[in-house]
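The structure appears below as structure tokens.
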Amino acid sequence: MEISRHWRLKKQRYSLIGEVCPHCDAKIFPPRDVCPECGQEARSEFAFSGRGQVYSHTTIYDAPAGYENNLPYTVALIKLDEGPIVTAQLTDLGAQPVEIGMPVEMVTRRIREDGDERGMLVYGYKFRPAWNAPIK
Amino acid sequence: MNDAVKNTDIVIAGIGQTPVGEHWQLSLKNLAYLAYKAAVQDSGGLKPDALYVGNMLAPVLSHQAHLGVLLADDFGLAGIEAAAVEAGNAGGAAALRLAYLAVASGCVNIAMALGVEKFTDQVGPNVEAAASVILDSDYEAAMGLTPNAQAALLLRRYLYEYQVPRPAFGAFPILAHNNAAGNPQAMYRNLINAESYAQAGMVCDPLNLFDIAPWADGAAAVIVARRDSLPAALPHPLARISGASLATDRLALHDRPNPLFLRAAQKSVERACRQAGILPQDVDFFELCDSTSTYAALSLEAAGFAAPGQGWRMAQDGQLALDGKLPVCTLGGFKGRGNPGGAAGLYQVVEAVLQLRGEAGKNQLPHPQRALVQSLSGAAATAVAHVLEVIH
Ligand SMILES: [Zn+2]
């Protein structure tokens, strides 16, 4: 039960809010204190489109505590259209095999169960195939 | 500069290790004490003035922090300088780096770096969850990512970018098991082959059970001192630390410009070799980090032994075997010996010293003079490199 911690991350988890660097215009996700491109402080919010493509992916058969109910589940590195890469689970895959380069879009889903039956559910971003997106 | 032996050389005067495995009957303290005692005995009775403890997960797995004083107290050394250093799977190597700095500065006379890990206080999903604390908690672990899954993401991308046949990576664990067969301290001394590799169960696709070094219990320790502070006669040759470096990368895999290049691994090797006045090619063997098959290949590339996308070929071609051009994991590596978390880096150093002394038994290399030892944590977010040379 880490309610304040999950609450603090709600903009990122629900809306993929990162930052744009006011000094060099770099798009940054997740948000951080110092811009990795120019080394100055980054503080301006930026909402990402939630569209991107699969950079790499793995299906996990041996889960850490809190994720056993989802087994097996697929985690991917998603290269967002705006540039940054984000780590997230893939969902709504159906029978379609995941491929590198596959276009995906963000959705909000349950990402883990925090603790036992009294624990809280954590919601956040996952990505699903974006069938209508043009392939880049 | 390598031939001139100086009295101010920083040397490894004693080494100790426990067998790696599932030590249900031994506690964190029991394991650490066995390694401590063995190292002191090996050094002819030197007692450390300072103790640096490498550990990865005791606060999570054993609900025990404050390991510096816990162990100093247990060893009957209460009063000395003692603290734990945490750098994930590279914690033991980081402890050696601190011991080296302490002795080199002149502030400490005799330092011990001791790594200890006790996994079997927990089992199954709890161990996986614990190991994931070395990742970015909010943006990697929260998504269900684990250290092994990181290595799987990298391997998938590697196979895609470089068009490598998947079975080729089996050469790393096959070699590790081969070498572990000659190491009485190793966890796995059974041989595996291409067929059993192909049939191994999937853990996180495309990494299978044989691509992943098993977490295991163990402790290892080394005693570090200036050469001129040692008694004239020690029962064995000394190994000089001629280069030492710790480097960091971006913590999260997704924050790296090119995730397939282990930048910290490259930096640590470059800096340690520069300090030693050598090129990586001048070493006789390389104790690399094969916590997964992925990192074995990427380490060879980061250190400059292979071009990007070509590291796997060295294993295929037999160049990494005990009789090859660049032997690696000579006593089984992480995969064959086992991966005792924050102790792993010191096992690597102990094994390199055994080779340099000529005490590596069945797996002894012919008269090696110089070793490169590299410890990584996870996807080389932390990388530590040491160059060791035998003093005759
Ligand atoms: Zn900037």
Side-chain angles (χ1 to χ4, degrees), chain A residues 2 5-6 8-9 12-13 16 18 28-32 36-37 52 54-80 83-91 97-101 109-114 122-127, chain B residues 60 122-161 200-209 211-212 214-215 249-260 292 294 379:
Chain A
E2 299 173 348
R5 182 174 190 176
H6 295 305
R8 212 161 51 228
L9 290 165
Q12 285 70 46
R13 295 262 170 89
L16 217 60
I28 302 165
F29 190 90
R32 43 201 307 136
E37 298 298 325
V54 173
Y55 174 87
S56 192
H57 58 96
T58 176
T59 299
I60 296 175
Y61 299 91
D62 193 4
Y67 298 83
E68 304 104 309
N69 294 343
N70 309 1
L71 278 179
Y73 59 94
T74 300
V75 177
L77 295 173
I78 310 294
K79 185 153 179 57
L80 299 173
I85 296 180
V86 56
T87 301
Q89 286 186 31
L90 298 182
T91 188
V98 182
E99 282 175 19
I100 288 176
R109 294 289 158 82
R110 180 190 300 179
I111 53 177
R112 70 160 284 166
E113 281 148 61
D114 196 350
V122 178
Y123 287 82
Y125 50 80
K126 289 190 184 182
F127 285 75
Chain B
V60 187
Q122 304 271 344
V123 291
N126 288 335
V127 174
E128 279 310 297
S132 299
V133 303
I134 71 169
L135 309 180
D136 181 323
S137 172
D138 289 339
Y139 292 101
E140 291 188 304
M143 303 304 151
L145 193 72
T146 64
N148 291 336
Q150 272 193 328
L153 289 169
L154 288 176
L155 182 58
R156 169 98 60 200
R157 185 73 196 185
Y158 188 99
L159 296 172
Y160 169 83
E161 278 194 24
M202 206 53 85
V203 177
C204 34
D205 190 16
L207 283 187
N208 72 36
L209 196 61
D211 288 307
I212 297 170
W215 297 122
D249 199 340
R250 307 286 295 275
L251 174 62
L253 208 50
H254 55 233
D255 281 333
R256 302 185 190 177
N258 176 8
L260 288 180
T292 64
T294 313

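In what follows, chains carry the letters A, B, and so on, assigned in the order in which the sequence lines appear, proteins first and then strands, with residues in each chain numbered from 1.
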- Nearest heavy atoms of B:Ala152 and A:Thr58, plus distance in Å: CB-OG1, 3.4 Å
- Out of curiosity, B:Arg156 CZ to A:Leu77 CG, how far, rounded to the nearest 0.5 Å? 11.5 Å
- Message: Do A:Gln12 and B:Tyr139 make a side-chain contact, defined as non-hydrogen atoms from C-beta onward lying under 4.5 Å apart?
- Response: yes
- Less than 4.5 Å apart, any side-chain heavy atom of B:Asp255 and any of A:Pro30? yes
- Query: How far does CG of B:Asn148 sit from OH of A:Tyr61, to the nearest 0.5 angstrom?
  - Reply: 14.5 Å
- If you look at every heavy atom in A:Arg13 and B:Asp138, which pair is closest and at what distance? NH2-O, 3.3 Å
- Item | Toward chain B, the part of A:Leu9 with a non-hydrogen atom under 4.5 Å | side chain
- When A:Asp62, A:Ile100, A:Thr74 are compared by non-hydrogen pairs under 4.5 Å with chain B, the top option: A:Ile100
- Task: Check whether B:Ala141 gets within reach of chain A through its side chain, its backbone, both or neither, counting any heavy atom under 4.5 Å.
- Result: backbone
- Message: Is B:Gln150 in contact with chain A via its backbone, its side chain, both, or neither, using a 4.5 Å heavy-atom distance?
- Response: neither
- Applying a strict 4.5 Å limit to non-hydrogen atoms, the region of A:Val75 in contact with chain B is both
- Specify the closest pair of heavy atoms between B:Ala149 and A:Ile60, including all atoms of both residues, with the distance to one decimal. CB-CD1, 3.6 Å
- Can you see which heavy atom on A:Pro64 is nearest to which on B:Glu128, and at what distance? CA-CB, 3.6 Å
- Is there side-chain contact between B:Leu153 and A:Tyr55, with heavy atoms separated by less than 4.5 Å? no
- Message: For A:Ala65 versus B:Asn126, what's the shortest heavy-atom pair and its separation?
- Response: CB-OD1, 3.6 Å
- Task: May I ask you to name which of A:Ala76, A:Pro84, A:Pro36 has the most heavy-atom pairs under 4.5 Å with chain B?
- Result: A:Pro36
- Task: Heavy atoms only, distances under 4.5 angstrom: which of B:Ser132, B:Cys204, B:Gly144 has the most pairs with chain A? Name it, please.
- Result: B:Gly144
